[in-house]
**Student:** 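I have a structure I would like to understand better, so I am pasting it below and will then ask my questions one at a time.
In this text the structure is predicted, and so the values were computed from the model without any measurement.
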Amino acid sequence: MTILVVDDDDHALTFLKAAISKAGHTAITANNGADALSILAHTPINLILLDIMMPDMDGNEFCSTVRSDPQFEYIPIIFVSALSSLDD
């Protein structure tokens, strides 16, 4: 399984990439939504782990962009965030 991890926090990317690799999967990382979209255009992805709070294109905007493209609309997306309130 190839998992795209999108987060602007390098520590989070390192941790998630190591955990994914340890589980026997391939992790591809992107520091922002624009880079992640570029990766999606050229690499088959099975799952996306996505941060919500990122500069330029936040997780919600990235998710909307991906879901609007029929080519990617069924890729599962899991939000990963340090946000902890019920409103978030």
Side-chain angles (χ1 to χ4, degrees):
M1 177 180 287
T2 302
I3 301 171
L4 175 59
V5 182
V6 187
D7 199 316
D8 61 326
D9 181 329
D10 288 334
H11 291 103
L13 287 176
T14 300
F15 172 78
L16 290 168
K17 185 173 184 174
I20 291 164
S21 296
K22 187 174 181 180
H25 303 290
T26 301
I28 299 175
T29 61
N31 288 79
N32 58 61
D35 288 348
L37 290 173
S38 178
I39 290 167
L40 272 176
H42 300 97
T43 307
I45 298 295
N46 303 104
L47 172 68
I48 300 170
L49 298 180
L50 177 62
D51 185 24
I52 295 173
M53 294 181 6
M54 295 184 295
D56 301 321
M57 179 187 294
D58 68 18
N60 291 315
E61 184 180 353
F62 174 84
C63 189
S64 294
T65 301
V66 169
R67 290 290 178 250
S68 70
D69 187 329
Q71 180 178 338
F72 307 124
E73 67 182 337
Y74 294 111
I75 297 174
I77 298 174
I78 298 173
F79 280 112
V80 179
S81 181
L83 297 174
S84 60
S85 77
L86 290 176
D87 291 336
D88 297 323

**Student:** CZ of Arg67 to CD1 of Ile77: how many Å apart, nearest 0.5 Å?
**Tutor:** 4.0 Å

**Student:** Is a side-chain donor or acceptor of Asp58 paired with a backbone partner of Ile52 at a separation under 3.5 angstrom?
**Tutor:** no

**Student:** Compare all side-chain heavy atoms of Pro55 with those of Asp8 and state whether any distance is below 4.5 angstrom.
**Tutor:** yes

**Student:** Do Ile39 and Val6 touch side chain to side chain, with heavy atoms closer than 4.5 Å?
**Tutor:** no

**Student:** Are any non-hydrogen side-chain atoms of Asp9 and Asp51 less than 4.5 angstrom apart?
**Tutor:** no

**Student:** For a quick test of reading the model, state the closest non-hydrogen atom pair linking Phe79 to Asn60 and the distance between them.
**Tutor:** CZ-OD1, 3.7 Å

**Student:** Given side chains that start at C-beta, do those of Ile20 and Leu49 come closer than 4.5 Å, heavy atoms only?
**Tutor:** yes

**Student:** Side-chain contact test, heavy atoms from C-beta onward, threshold under 4.5 Å: evaluate it for Val66 versus Leu37 and give yes or no.
**Tutor:** yes

**Student:** Within the structure provided, determine whether Thr14 and Thr29 are in side-chain contact (heavy-atom separation under 4.5 Å).
**Tutor:** no

**Student:** Report whether Ile78 and Leu13 are members of the same hydrophobic cluster (ILVMFWY, side-chain heavy atoms less than 4.5 Å apart, transitive linking).
**Tutor:** yes

**Student:** When rounded to the nearest 0.5 angstrom, what distance separates OG1 in Thr65 from CE in Met57?
**Tutor:** 4.5 Å

**Student:** First locate atom CG of Asn32, then atom CG of Asp7, and finally report the distance between them rounded to the nearest 0.5 Å.
**Tutor:** 11.0 Å

**Student:** Would you check, one step at a time, whether the test side-chain contact (heavy atoms from CB on, under 4.5 Å) holds for Leu4 with Ile75?
**Tutor:** CA-CA 10 Å; Leu4 175 59; Ile75 297 174; over 6 Å; no

**Student:** Considering all heavy atoms of both residues, which atom of Lys17 and which atom of Ala27 are nearest to each other, and what is their separation?
**Tutor:** CG-CB, 3.7 Å

**Student:** Write down the atom of Pro76, the atom of Leu47, and the distance for their closest heavy-atom approach.
**Tutor:** O-CD1, 3.5 Å

**Student:** Atom CG of Leu40 and atom CD1 of Ile28: how far apart are they, to the nearest 0.5 Å?
**Tutor:** 9.5 Å

**Student:** Could you go through Val5 and Leu16, starting from their C-alpha distance and side-chain angles, then the distance that decides it, and tell me whether this counts as side-chain contact (heavy atoms from CB on, under 4.5 Å)?
**Tutor:** CA-CA 7 Å; Val5 182; Leu16 290 168; 3.7 Å; yes

**Student:** Got a second to check how far Asn31's CG is from Asp56's CG, nearest 0.5 Å?
**Tutor:** 11.5 Å

**Student:** Taking the side chain from Ser21 and the backbone from Ala18, do they hold a donor-acceptor pair closer than 3.5 Å?
**Tutor:** no

**Student:** Is it the case that more than 12 heavy atoms not belonging to Phe15 sit under 6.0 Å from its CZ atom?
**Tutor:** no

**Student:** Quick one, Ile48 and Phe62 - any side-chain contact, counting heavy atoms below 4.5 Å?
**Tutor:** yes

